[in-house]
Amino acid sequence: VVHLCDLRTGAVLATEAGVPIVPVHIARTYDLLRKGQRFVRPGTVRVTFGAPIPPRTPVDPHADRYEAYRAMMEEVEQAVRRMAREAMAS
């Protein structure tokens with residue numbers, strides 16, 4: 001199961017600041033700390049970092065900035081889902 005945090009805030013901040021977003025996938029945390037469990041079980045967590053995704057800047061300054069935010073959110077989501085599939089396959 002892939003749970004994605006809210007990508008809107010990150011996409012807006014990255015676009016406005018002109019900085020890239022580095023997608024991150026964290027695998028096996030559910031195995032180590034299930035809902036309602038009080039203590040973390042010993043084990044290994046796998047953290048994967050993707051390639052930085054540059055912010056989308058509209059070519060036209062009067063263009064809809066929300067489209068740039070949406071495009072960046074989609075690209076980050078696709079990258080995280082791809083990393084999740086690769087983690088499940090290995």
Side-chain angles (χ1 to χ4, degrees):
V1 176
V2 176
H3 298 281
L4 295 173
C5 63
D6 183 7
L7 299 173
R8 287 175 287 199
T9 303
V12 171
L13 289 173
T15 301
E16 294 300 321
V19 297
I21 288 181
V22 176
V24 177
H25 178 259
I26 304 171
R28 299 212 48 224
T29 56
Y30 183 75
D31 296 338
L32 304 179
L33 183 63
R34 294 179 188 260
K35 186 175 181 177
Q37 194 174 337
R38 293 182 80 185
F39 300 102
V40 177
R41 291 196 256 171
T44 303
V45 174
R46 181 177 176 187
V47 181
T48 307
F49 295 91
I53 298 173
R56 303 288 182 110
T57 53
V59 177
D60 179 7
H62 301 292
D64 184 10
R65 297 192 68 74
Y66 293 104
E67 180 60 31
Y69 304 152
R70 188 192 61 72
M72 188 168 199
M73 285 187 301
E74 283 182 8
E75 191 171 351
V76 171
E77 181 178 356
Q78 289 172 3
V80 172
R81 288 190 186 279
R82 183 174 44 255
M83 287 187 287
R85 284 191 303 272
E86 291 169 2
M88 289 172 43
S90 62

request  = Find out if a path of hydrophobic residues (ILVMFWY) with successive side-chain heavy-atom gaps under 4.5 Å connects Leu13 to Met73.
outcome  = no
task = Determine, using the 4.5 Å side-chain heavy-atom cutoff (strictly less than), whether Val12 and Val19 are members of one ILVMFWY cluster.
result = no
message = How long is the straight-line distance from CZ of Arg34 back to OG1 of Thr29, given to the nearest 0.5 Å?
response = 10.5 Å
key: Considering all heavy atoms, the nearest Ala87-Arg46 contact   = CA-NH1, 3.8 Å
query = If you take all heavy atoms of Pro54 and Pro52, which pair is closest and at what distance?
reply = CD-O, 3.6 Å
ask   = Are Arg81 and Glu77 side-chain neighbours, meaning at least one heavy-atom pair lies under 4.5 Å?
value = yes
note = Taking every heavy atom of Gly43 against every heavy atom of Leu32, the minimum-distance pair comes out as CA-CD2, 3.6 Å
Listed partners of Tyr66 passing ring-ring contact (aromatic ring centres under 6.0 Å, His included), at least two apart = Tyr69
request  = Is it possible for you to say whether Ile26 and Val40 belong to one hydrophobic cluster, with membership spreading through side-chain heavy-atom contacts below 4.5 Å?
outcome  = yes
note = Residue pairs meeting ring pair (Phe, Tyr, Trp, His ring centres under 6.0 Å), one or both in residues 36-57, sequence neighbours left out, come to none
query = Is there a path of hydrophobic side-chain contacts, each under 4.5 Å between heavy atoms of I, L, V, M, F, W or Y residues, that connects Ile21 with Val47?
reply = no
ask   = Between Met72 and Thr15, which heavy-atom pair has the shortest distance, and what is it?
value = SD-OG1, 3.7 Å
message = Do Ile53 and Met83 sit in one hydrophobic cluster, given that two such residues count as connected whenever their side-chain heavy atoms are within less than 4.5 Å of each other, even indirectly?
response = yes
query = Ala14 and Pro55: which non-hydrogen atoms are nearest, and at how many Å?
reply = O-CB, 3.7 Å
